[in-house]
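Contents: one structure, followed by commentary.
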Amino acid sequence: MIDVKLIRENPDLVRENIRRRNDPEKLRILEEFIEADRQWRLMQTELNNLRKKRNQLSFEIAQRKKAGEDVTQLLIEAEMLQNKIKEMEDATEEYRRKSISILMRIPNLLHESVPYGRDENDNVEIRRWGSPPKFDFKPKGHLEIALDLGLIDEERANKVAGSGFYYLKEELVLLDLAIERFAIDFLRERGYILIEPPFMLRRKPYEGCVDLADFETVMYKVENEDTYLIATSEHPIAAMYMNEVLDEKDLPLKFVGISTNFRREVGTHGKYTKGFFRMHQFNKVEQFVFCLPNQSWEIHEELQWNCEQMYRMLGLHHRVVNVCTGDIGTIAAKKYDTEVWMVDGKFREIGSNSNCTDYQARRLNIKYREGTGKPPKGFVHTLNSTALATSRTMIAILEHYQQKDGSVIMPEVLRPYMNGIERLERKK
RNA sequence: GCCGGGGUAGCCUAGCGGAUAAGGCGCAGGCCUUGAGAGCCUGUGACCCGAUGAGGGUCGCCUGGGUUCGAAUCCCAGCCCCGGCGCCA
């Protein structure tokens, strides 16, 4: 969430920033909040005054009782006052809840370098690497390739788990693991701390991590328990330091997280859903950073450069876009999407990299201090970025490296992680 | 899952129905000192009103309910931590 004080003290600045998102609904939410907040503060002041009276009265009752005086009249008065306070408390609490729930829906402030635009078509390409692979045959899509190689079983997965699931087999499983190991080693060499988080989270920490609308469309809830399957390791890693104050000397804290991710993918009709592109379950290596406010923009570029280097090492034709104001999500101040070339000639998102500034940290209440024993100075900044999502990376590898005979050559950097396998071939 | 013990400010600890949560450590400021240290003094959670002032007020003792004129303190439910028993890959 964004800083309430900023809205109170400088509403025009916030208004102007949100206007750039091309979303009148968000502006309306802001105005709604300003009014609810004004109302709440009035009620809060009145409530405080009533409570003050109660405290005075209580003190008086205690004094008179001690002195052995009759307090009947005062008790009647106190009861009436108490009823009034109860009413006022309920009303104030209702307003507080209301204004917080509105506040949570106000998006993060956008960085000035975010390009203005309406939707994904207005995202601005800032880099492109490589060139489309050339084939002297009609290239196949990844799903067909994997089926022909006998390395997946789609039908049986659908039978037992529904659509959006696959049994991966043999070398394809090794490839999945190899991609993870490659990314892990790459990032550990650069000082990132490897972490495997819990794959489930309670609702409270989860609310700190995501846009509330996501709960319905992406999260799987565990029945009869207050837990949700994680949609990405970003979430448990972000929540790890909930309600804590980090020491400045420990920052930046850089993590490489691995997890399986679970997504319901409700309402994705019309989106590209072929094969491994949009599954209910997939593995991903993630970069996550907690840092000081003045470090986050530099680190945002570092995270981006990390994944671009990996795609180069894998030899995958890709481009990077600066996601425009109309397409960026609620919590990011700036976002890069990396898009990889796919066999139908289109670039599709393979990973994204967001600087959430203090938006996520404020919700999760993660602060920093300047030294031991010193009071909290402010909220940390958080960044999350895909390192490699194995499913989409496998799509790209299968499609880039397919051969006329149906086999697929493995990128050299992955071979050490695959027992030296150089090529995926159909077995007899 | 069952039986004990516990959860108080950045940390450690007291209070266990009568306002303002005691003390220590750490941290910040001041006095003293050529400087540092020691010693002494003051401050050290969130929120609201107020002018980003002076000042005033409310809340805060794991979370949520309840009892009471009044709850850190009593009652109920839940979460977490530490022991012991059971079950288990």
Side-chain angles (χ1 to χ4, degrees), chain A residues 1-13 33-100 103 196-208 221-222 224-228 236 239-251 253 290 292 358 361-380:
Chain A
M1 69 192 168
I2 73 173
D3 190 355
V4 184
K5 285 199 186 105
L6 187 67
I7 299 177
R8 286 178 189 160
E9 287 165 14
N10 209 341
D12 284 336
L13 187 145
F33 173 76
I34 291 172
E35 177 54 27
D37 180 58
R38 199 182 60 83
Q39 200 50 246
W40 172 77
R41 283 185 291 161
L42 287 175
M43 292 164 93
Q44 179 70 26
T45 304
E46 196 181 331
L47 179 61
N48 282 352
N49 290 336
L50 288 174
R51 279 170 168 167
K52 184 185 173 185
K53 269 188 207 156
R54 177 185 62 189
N55 289 346
Q56 286 169 343
L57 198 55
S58 253
F59 180 57
E60 204 180 331
I61 289 170
Q63 293 297 92
R64 297 219 179 172
K65 264 192 175 174
K66 257 183 214 161
E69 292 174 38
D70 178 37
V71 294
T72 321
Q73 193 55 41
L74 288 179
L75 288 180
I76 293 168
E77 212 178 302
E79 197 187 336
M80 280 164 57
L81 184 58
Q82 186 60 359
N83 288 337
K84 211 169 162 187
I85 289 174
K86 275 255 163 61
E87 265 176 48
M88 198 66 209
E89 273 175 345
D90 291 347
T92 309
E93 178 60 16
E94 196 191 318
Y95 243 87
R96 193 187 65 88
R97 276 178 212 267
K98 186 177 161 190
S99 73
I100 286 177
L103 178 64
E196 182 183 285
F199 289 7
M200 298 182 205
L201 277 187
R202 286 188 216 280
R203 182 158 186 128
K204 187 78 183 289
Y206 230 118
E207 284 178 346
K221 187 180 191 314
V222 179
N224 297 326
E225 277 188 47
D226 176 34
T227 42
Y228 294 79
M240 182 162 54
Y241 293 105
M242 180 172 76
N243 295 328
E244 291 192 41
V245 184
L246 305 176
D247 202 314
E248 189 181 271
K249 72 175 191 308
D250 298 327
L251 298 174
L253 257 176
F290 299 90
L292 295 170
D358 61 359
R362 186 172 284 107
R363 277 194 186 188
L364 287 164
N365 189 30
I366 305 171
K367 296 176 179 166
Y368 68 94
R369 71 171 95 254
E370 288 170 312
T372 315
K374 294 194 177 175
K377 176 83 175 169
F379 293 98
V380 299

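- To the nearest whole angstrom, the two C1' atoms, one in B:G45 and one in B:G83, are 32 Å apart.
- Looking at A:Glu94 and A:Arg97, no side-chain N of the basic residue comes within less than 4.0 Å of a carboxylate O on the acidic one, giving no salt bridge.
- Annotation: B:A9 and B:G15 have their P atoms spaced 16 Å apart (nearest Å).
- Annotation: A:Lys84, atom NZ; neighbour count of heavy atoms from other residues, nucleotides and ligands within 6.0 Å does not exceed 12.
- When the P atom is used for both B:G23 and B:C76, the distance is 33 Å, rounded to whole Å.
- Between the CD atom of A:Glu248 and the P atom of B:G26 there is a distance of 21 Å, rounded to whole Å.
- Annotation for A:Met242: atom CE counts as buried by contact number, over 12 foreign heavy atoms lying within 6.0 Å.
- Taking the C1' atoms as reference points, B:G60 lies 16 Å from B:G7, given to the whole Å.
- Regarding A:Asp250, its CG atom lies at a distance of 17 Å from the P atom of B:G10, rounded to whole Å.
- Note that the CG atom of A:Leu47 and the CE atom of A:Met43 stand 9.0 Å from one another [nearest 0.5 Å].
- For A:Arg363 (side chain) and A:Glu207 (main-chain N/O), a donor-acceptor pair under 3.5 Å exists by modelled atom type.
- Among the heavy atoms of the strands, none lies under 4.0 Å from A:Arg96.
- Of the nucleotides present, B:C49 is the one that pairs with B:G55 by Watson-Crick or G-U wobble criteria, both distances under 3.5 Å.
- With both pairing distances under 3.5 Å, B:G10 is matched to B:C25 as a Watson-Crick or G-U wobble pair.
- In this structure, the separation between CD on A:Glu370 and NZ on A:Lys377 is 4.5 Å, given to the nearest 0.5 Å.
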Its contact letters, B for base, S for sugar-phosphate only and - for none at protein heavy atoms under 4.0 Å, make nucleotides 56-74 of chain B read -BSS---------BS----
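- Taking the C1' atoms as reference points, B:A89 lies 28 Å from B:G4, given to the whole Å.
- Straight-line distance from the CG atom of A:Asn243 to the C1' atom of B:G10: 14 Å, rounded to whole Å.
- At a threshold of 4.0 Å, the pair A:Asp90-A:Lys86 does not count as salt-bridged, since none of the basic side-chain nitrogens sits closer than that to a carboxylate oxygen.
- No salt bridge links A:Asp3 with A:Lys5; every basic N to acidic carboxylate O contact stays at or beyond 4.0 Å.
- Across all strands shown, the partner of B:C31 is B:G39, judged by Watson-Crick or G-U wobble contacts whose two distances both fall under 3.5 Å.
- Although no hydrogens or angles enter the test, the distance criterion places no donor-acceptor pair under 3.5 Å between the side chain of A:Arg203 and the main chain of A:Asp226.
- Here CG of A:Leu364 is found 10.0 Å from NZ of A:Lys204. Values are rounded to the nearest 0.5 Å.
- Taking the P atoms as reference points, B:U20 lies 14 Å from B:C16, given to the whole Å.
- Look at CZ on A:Arg369: it is 11 Å from C1' on B:A9, rounded to the nearest Å.
- Counting to the nearest Å, the C1' atom of B:C11 and the CD atom of A:Glu244 are 13 Å from each other.
- Pair check for B:C61 finds none; no Watson-Crick or G-U wobble contact set falls under 3.5 Å.
- Using atom C1' as the reference point in both B:A19 and B:U73, the two lie 15 Å apart (nearest Å).
- Of the nucleotides present, B:G84 is the one that pairs with B:C2 by Watson-Crick or G-U wobble criteria, both distances under 3.5 Å.
- In this structure, NZ on A:Lys53 lies 12.5 Å from CG on A:Asn48, to the nearest 0.5 angstrom.
- B:A54 sits 28 Å from B:C61 when the P atoms are compared, rounded to a whole Å.
- Following rounding to the nearest Å, A:Tyr368 (OH) and B:G10 (P) show an atom-to-atom distance of 17 Å.
- Checking A:Pro376 against A:Thr45, the closest nucleotide of RNA chain B that is more toward the 5' end is the one next to A:Pro376.
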For nucleotides 76-81 of chain B, print each protein N/O atom paired with a nucleotide N/O atom at under 3.5 Å, atom names and distance only.
unit_1	atom_1	unit_2	atom_2	d
B:C79	O3'	A:Arg202	NH2	3.0
B:C80	OP1	A:Arg202	NH2	2.9

